[in-house]
**Q** 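Below you'll find the structure I mean.
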Amino acid sequence: MVSALIRATAVTLLLVLNLLFWGTPVILLALVKLLTLSRWRGVVTLTLFLATRWVGINNRIFDALLPTRWNVEGTEGLRRDGRYLIISNHVSWVDVFALLRAFHGRTTFLRFFIKHGLIWFPIVGQAGYALDFPFMRRYSAEYVERHPEKRGADLETTRRACERYRGGPVAI
């Protein structure tokens, strides 16, 4: 029990330090993107590079300190310059790490449709913005009934994201 607690503490600490190390320059790039109000591809490209390194170090932390052994099948033939729509039944926060693990190095950096409220979550929200993640606003049926102009907003966000990703490699 004590060794499991020590291991959990070590993994958490290392993940936080890794996030801070790679996330700090990502926040700065997000700020550049926001202040220039541009779609300068260099910001996204550099941010993708940093995010890919972050995932790689996370994977090393997991491999070194956790007993989990991964058996990923069905990724043969995937290419980093390909275009992929990945569908997952999102159950918990671990899903994100599992998907990043499964597709790391096999496709371009995996992006996610994420809740708009997460844009305020430190580092993660700013990284999502810098990486051009589509932020989805979810409305209740009651809200849409009172504001019918919001009907289909998620679909429009999806269309805009697909337009942004057109012509380049993407895994979302």
Side-chain angles (χ1 to χ4, degrees), residues 1-30 41 43-136 138 154 157-158 161-162 164-172:
M1 179 66 179
V2 172
S3 68
L5 182 60
I6 291 170
R7 182 176 29 222
T9 303
V11 169
T12 302
L13 178 63
L14 289 171
L15 288 175
V16 168
L17 291 173
N18 190 40
L19 181 63
L20 291 172
F21 180 80
W22 296 104
T24 300
V26 167
I27 289 173
L28 296 174
L29 289 169
R41 293 304 312 167
V43 169
V44 175
T45 301
L46 184 53
T47 307
L48 284 169
F49 172 82
L50 296 170
T52 300
R53 298 308 174 270
W54 169 72
V55 171
I57 299 299
N58 282 349
N59 289 343
R60 288 182 180 170
I61 292 167
F62 295 145
D63 288 344
L65 297 175
L66 296 178
T68 304
R69 295 296 160 237
W70 296 86
N71 181 13
V72 177
E73 297 179 6
T75 58
E76 303 80 17
L78 296 179
R79 300 177 9 197
R80 290 183 188 186
D81 63 347
R83 296 155 96 188
Y84 304 99
L85 173 64
I86 299 162
I87 299 173
S88 170
N89 183 13
H90 182 43
V91 177
S92 78
W93 62 271
V94 175
D95 298 347
V96 172
F97 288 104
L99 288 168
L100 288 170
R101 172 62 179 243
F103 292 100
H104 180 70
R106 294 176 175 93
T107 67
T108 188
F109 185 81
L110 184 59
R111 292 178 171 108
F112 297 90
F113 287 90
I114 60 178
K115 295 176 188 172
H116 190 270
L118 290 176
I119 199 165
W120 304 112
F121 195 84
I123 301 175
V124 175
Q126 295 76 40
Y129 171 75
L131 288 162
D132 277 339
F133 279 34
F135 286 90
M136 309 297 275
R138 304 306 308 253
D154 281 354
T157 299
T158 302
C162 290
R164 263 194 329 266
Y165 299 143
R166 181 180 296 228
V170 68
I172 189 161

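Values below: every heavy atom of this structure, side chains too, minus hydrogens, waters and symmetry copies.
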**Q** For the CH2 atom of W22 and the CD1 atom of I123, what is their distance to the nearest 0.5 Å?
**A**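 Going from the CH2 atom of W22 to the CD1 atom of I123 covers 13.5 Å.
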**Q** Check the pair D81 / T108 against side-chain contact (heavy atoms from CB on, under 4.5 Å), numbers first and verdict last.
**A** CA-CA 7 Å; D81 63 347; T108 188; over 6 Å; no
**Q** Classify the ring geometry between F112 and F133 as parallel (under 30°), tilted (30 to 60°) or perpendicular (over 60°).
**A**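 Tilted, since the angle between the ring planes falls between 30° and 60°.
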**Q** Are L110 and I172 close enough that some pair of their side-chain heavy atoms sits under 4.5 Å apart?
**A** no
**Q** Determine whether Q126 and I119 make a side-chain contact, defined as any pair of heavy atoms from C-beta on separated by less than 4.5 Å.
**A** no
**Q** Using the ring of each side chain (for Trp, its six-membered ring), is H116 parallel, tilted or perpendicular to F135, with breaks at 30° and 60°?
**A** perpendicular
**Q** Does some side-chain heavy atom of P25 sit less than 4.5 Å from a side-chain heavy atom of F49?
**A**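 Sidechains of P25 and F49: no contact.
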**Q** Would you call K115 and F121 a side-chain contact if the rule is heavy atoms closer than 4.5 Å?
**A** no
**Q** In Å and rounded to the nearest 0.5 Å, what is the OH to CG distance from Y84 to L78?
**A**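 CG of L78 is found 4.5 Å from OH of Y84.
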**Q** Return the OG to CG distance between S88 and L99, rounded to the nearest 0.5 Å.
**A**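 Going from the OG atom of S88 to the CG atom of L99 covers 4.5 Å.
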**Q** Is there a donor-acceptor pair closer than 3.5 Å between any side-chain N or O of N18 and the backbone N or O of L14?
**A**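 The answer is no, because no donor-acceptor pair under 3.5 Å joins these two groups.
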**Q** Answer whether the closest heavy-atom distance between the side chains of L100 and F109 falls below 4.5 Å.
**A** yes
**Q** Any idea which heavy atoms bring D154 and M136 closest together, and the distance?
**A** O-CE, 3.4 Å
**Q** In Å, rounded to the nearest 0.5 Å, how long is the span from CG of L65 to OG1 of T9?
**A** 11.0 Å
**Q** Below 4.0 angstrom, N of the basic side chain to O of the carboxylate: do D132 and R111 qualify?
**A**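 Between R111 and D132 there is no salt bridge, as every charged N stays at least 4.0 Å from the carboxylate O atoms.
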**Q** Atom OG1 of T157 and atom CZ of R138: how far apart are they, to the nearest 0.5 Å?
**A**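 Between atom OG1 of T157 and atom CZ of R138 there are 10.0 Å.
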**Q** Between R101 and D63, is there a salt bridge with N-O shorter than 4.0 Å?
**A** yes
**Q** Can you tell me if CZ on R7 sees more than 12 non-hydrogen neighbours from other groups inside 6.0 Å?
**A**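 Yes, CZ of R7 has more than 12 neighbouring heavy atoms, counting only those of other groups under 6.0 Å.
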**Q** For the residue pair R79 and T107, establish whether any side-chain heavy-atom pair is separated by less than 4.5 Å.
**A** no
**Q** At their closest point, which heavy atom of R83 faces which heavy atom of P169, and how far apart are they?
**A** CG-CA, 4.2 Å
**Q** Side chains of L17 and L13, heavy atoms from C-beta outward: is any pair under 4.5 Å?
**A** yes
**Q** Apply the side chain to side chain contact (heavy atoms under 4.5 Å, CB included) test between L50 and each candidate in L29, L131, T24; give the one that qualifies.
**A**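 Answer to the side chain to side chain contact (heavy atoms under 4.5 Å, CB included) test with L50 among L29, L131, T24: L29.
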**Q** Could you give the distance from OG1 (T68) to CZ (F97), rounded to the nearest 0.5 Å?
**A** 12.5 Å
**Q** Apply the test side-chain contact (heavy atoms from CB on, under 4.5 Å) to residues L20 and V16: give CA-CA distance (whole Å), side-chain angles for both, the deciding distance (0.1 Å), then the verdict.
**A** CA-CA 6 Å; L20 291 172; V16 168; 4.1 Å; yes
**Q** Is there a donor in the side chain of R106 and an acceptor in the side chain of T75, or the other way round, less than 3.5 Å apart?
**A** yes
**Q** Flag the pair T158 / P134 as yes when at least one side-chain heavy-atom distance between them is below 4.5 Å, and no otherwise.
**A**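 No, side chains not in contact.
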